[in-house]
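Small disclaimer: the values here were computed from a predicted structure and weren't measured. Numbers restart at 1 for each chain; the letters A, B, ... are given by sequence-line order, proteins then strands.
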Number of protein chains: 2
Amino acid sequence: MSEPIRRCTVADVAREAKVSKAQAARALGGYGAVSEEVASRVQTAARRLGYRPNELARSMSTGRSRSLGVVVGDIENPHFGLATRGISDAARQAGYHVILANTDENPETERNAVRVLMDKRVDGLIVAPCRSNDNAHLQEVINAGRALVLFDRMVAGLEVEVISARFERAAERATQRLIAQGHHRIAYLTSLRLERPYERLTDLGSSPVAQRVAGMQRALAQAGQVLDPGLVRANATNREAIARICDELFSRPSPPTALMASDNLIALDLLRELKRRGLEIPRDISLVMYDDFPWTELVTPALTVIAQPVYAMGHEAANRLIRQLHGEASEPIPNFDAELIERGSIGPVTCATPRQGR
Amino acid sequence: MSEPIRRCTVADVAREAKVSKAQAARALGGYGAVSEEVASRVQTAARRLGYRPNELARSMSTGRSRSLGVVVGDIENPHFGLATRGISDAARQAGYHVILANTDENPETERNAVRVLMDKRVDGLIVAPCRSNDNAHLQEVINAGRALVLFDRMVAGLEVEVISARFERAAERATQRLIAQGHHRIAYLTSLRLERPYERLTDLGSSPVAQRVAGMQRALAQAGQVLDPGLVRANATNREAIARICDELFSRPSPPTALMASDNLIALDLLRELKRRGLEIPRDISLVMYDDFPWTELVTPALTVIAQPVYAMGHEAANRLIRQLHGEASEPIPNFDAELIERGSIGPVTCATPRQGR
DNA sequence: CTGAAAGCGCTAACAT
DNA sequence: ATGTTAGCGCTTTCAG
């Protein structure tokens, strides 16, 4: 019931150790010059009193909070779970803490989160932005002189480091494999928000999604084919949207014979949707998913995926951010190359065009 | 290059609005009494100057940081991903932030994390403790008068709210189903750390694991059977451990005909291990897993699982914590009943005892 | 309703 | 090496 419980402060320790407050603080904080004698007396006193530093006060005077803000779309998504793990492992090792903010892939929430984290005086920010053209709030971060690293996606007009895998090569290879099996109508589904139907590569800016589509395009070009823009579908953000996209895709005169899912959530919904329509992988349709998780090996057929080193990327993002904070020179960003892992979800295209079930 | 960039403070706003610092602070913080006149002048000045409050300073004087510490074993585990999502959604709604700490299921790291979070002056803590008998650091939290809610597991000798699903009923039902299919040697694998081989229910304290085993026991008893203690295996914390446990289990004179995996990580490893041994589910062996995730429906066969409302539990944990902080009376903790979801991984026991493949 | 001044717990000059 | 004195930016008495 006793309410605030005045915690013991440096002043208390100083009194107990019979030294000045400053000296006690130095011994406790391990920063100035302190004699052995005094140091041990202070340590003893601190232990006896159960002293714990008030990090808030410390941050207040130093101006640094030793905490990193992490802003992701959805921590429930294992992709971000893994990334966050990488980030927080690196942070902990360097003595930093992680303040997590979920944006629900909502730009408004993201703006807000970034602002509040700044108000909390995080030393730096790792943001997986949900929009690539919405940079005002992130520019503010830079203007305020706070460190910033982007994760997964870049943002137009923002000169900051971006940690993101390189997808073009793997996308190209995956498409080649598909083509080798006779596919040429290959649809690509992404959760990227686009106001208008996809028309050309430049609609995608320089996002990773652009790399993925570019890779497809290149592989198709090598085979003397062109990518039908109508097969690149954005806004695959939830089950209903994905069902709708499937409806449209499969009611085309020439429906796709292969699907590429831009993330595991899309793949999961797609798998359900295909099952519902009685379409069997890889007999009736082929599937490639971006990202790799343990379960992809265990579904039937095992999924052919384009893996990216998400944990390592998170780790690197945090390390770079921290290096920025310490004013250390940053080496070039390592190449995180996405990698095609072939399992069983690509099969030869069948003569029978899969028609819409339902 | 300009280093610290002195951010604008209440003093600046006050000067600009030609009022006292105190008055500006009141207008900005929305607390004391302020005339319309002054309020609007201050707001205007604040906007013009791009004022943003320093939450650190605010916390410093109020003693409250509006942030919650969340300590979990492994954010990469979708179980905790979901829980964290529930927590942070509830927190955000109430204007709180979440500071996340990963313990890697390591007691030492956990103690440390709890301490540092306390030092950062979080208002309250949600902890998924990795040990049920290690309560000193958590007792400190209580002694310091800080709010605490436990997640998933309880801790001996600690009088705090625990949010955890109730498993006995579902465990019993699952076991009944198994028995109905002729199983009676049912093994249970948990990541719970136990120094010595399991012998009796009391070895498990009052953990959820105890509920699960109790449920099994009860169902077996109803069928006139007893649970062989050798089939309850703790320390299934990683792939190697799980492989070793399988070795032991399947080299018994009478190996188990059904397996219950205490979490999704164990199930994943088990699935791999069974495949490696050429054991097919549900023909050669049956499997039930705790927790439910989208992919469990998509593996072949679809997994029979014991689901728990993890998101809701996280949400509730945060809400209760916040209610504690506000000194509001807490209603009784709702019952989060785990639920058996029958899919395809339970089959009839076959005559041929599965022998070790290797 | 408004203002002056004290203080949260710490670090950082500046002396000694 | 040690002590003294100011702050950090905010909230909070306490007067008026």
Side-chain angles (χ1 to χ4, degrees), chain A residues 3-43 45-46 49-67 116 118-121 123 144-145, chain B residues 3-42 45-46 49-67 116 118-123 144-145:
Chain A
E3 259 308 312
I5 302 179
R6 228 189 64 75
R7 298 248 299 188
C8 135
T9 75
V10 267
D12 300 323
V13 177
R15 198 174 316 116
E16 176 85 5
K18 300 191 193 315
V19 292
S20 74
K21 208 179 69 172
Q23 206 55 354
R26 286 193 262 256
L28 260 11
Y31 53 95
V34 185
S35 68
E36 291 264 311
E37 159 72 24
V38 168
S40 85
R41 232 164 57 215
V42 170
Q43 294 304 348
L49 266 42
Y51 170 81
R52 295 258 71 205
N54 182 333
E55 292 294 345
L56 241 40
R58 194 169 267 180
S59 304
M60 188 83 238
S61 24
T62 58
R64 283 169 300 99
S65 61
R66 296 195 78 79
S67 56
V116 178
M118 292 288 287
D119 294 349
K120 289 228 168 173
R121 295 303 187 265
D123 294 338
Chain B
E3 258 309 310
I5 302 178
R6 229 190 63 77
R7 300 246 303 187
C8 136
T9 75
V10 266
D12 301 323
V13 176
R15 199 173 317 116
E16 175 84 5
K18 302 192 191 314
V19 292
S20 74
K21 207 178 69 170
Q23 207 56 354
R26 286 193 262 254
L28 259 12
Y31 52 96
V34 185
S35 67
E36 290 264 312
E37 161 71 24
V38 167
S40 84
R41 233 163 55 215
V42 170
L49 267 42
Y51 169 81
R52 297 255 71 203
N54 181 333
E55 292 293 345
L56 240 41
R58 193 169 269 178
S59 303
M60 186 82 239
S61 25
T62 58
R64 283 167 302 99
S65 61
R66 294 195 79 78
S67 57
V116 178
M118 293 289 286
D119 294 349
K120 289 229 169 175
R121 296 303 188 264
V122 294
D123 294 338

TODO: Using side-chain contact (heavy atoms from CB on, under 4.5 Å) as the criterion, list what pairs up with B:S67, not counting sequence neighbours.
DONE: A:K120, B:S65, B:H97, B:I99, B:V122
Task: Partner set under side-chain contact (heavy atoms from CB on, under 4.5 Å) for B:S61, not counting sequence neighbours - done: none
TODO: Identify, between A:R64 and B:S35, the residue whose nearest nucleotide on DNA chain C lies closer to the 5' end.
DONE: B:S35
- [ ] Identify, between B:A57 and B:E36, the residue whose nearest nucleotide on DNA chain C lies closer to the 5' end.
- [x] B:E36
Rounded to whole Å, please give me the gap between [atom1] in [X] and [atom2] in [N].
X: A:L49; N: C:dG9; atom1: CG; atom2: P; value: 14 Å
X: B:Y31; N: C:dT2; atom1: OH; atom2: P; value: 14 Å
X: A:R58; N: C:dT11; atom1: CZ; atom2: P; value: 5 Å
X: B:L56; N: C:dC8; atom1: CG; atom2: C1'; value: 12 Å

Task: Positions of residues 18-27 of chain A (non-hydrogen atom under 4.0 Å from DNA chain C), listed by number - done: A:K21, A:A22, A:A25, A:R26
Task: Terminal helix-axis angle for the helix from C:dC1-D:dG16 to C:dT16-D:dA1, with five pairs defining each axis and rounding to 10 degrees - done: 40°
Task: Start and end of chain A contact along DNA chain D [non-hydrogen atoms, under 4.0 Å] - done: D:dA1 to D:dG9
Task: Minimum heavy-atom distance between A:A45 and A:E16, given as atom pair plus value - done: CB-CG, 3.5 Å
Task: Side-chain donor/acceptor of A:R52 to backbone N/O of B:D119, under 3.5 Å - done: no
TODO: Check whether any side-chain heavy atom of B:M60 lies under 4.5 Å from a side-chain heavy atom of A:N54, and answer yes or no.
DONE: yes
Taking only distance into account, with no hydrogens and no angle test, what donor-acceptor pairs under 3.5 Å do side-chain atoms of residues 28-35 of chain B form with protein atoms, sequence neighbours excluded?
unit_1 : atom_1 : unit_2 : atom_2 : d
B:S35  : OG     : B:V38  : N      : 3.2

Open item on the list: Quick check for you: among C:dT2, C:dT11, C:dG9, whose closest atom lies nearest to any side-chain atom of A:T9?
Closed with: C:dG9
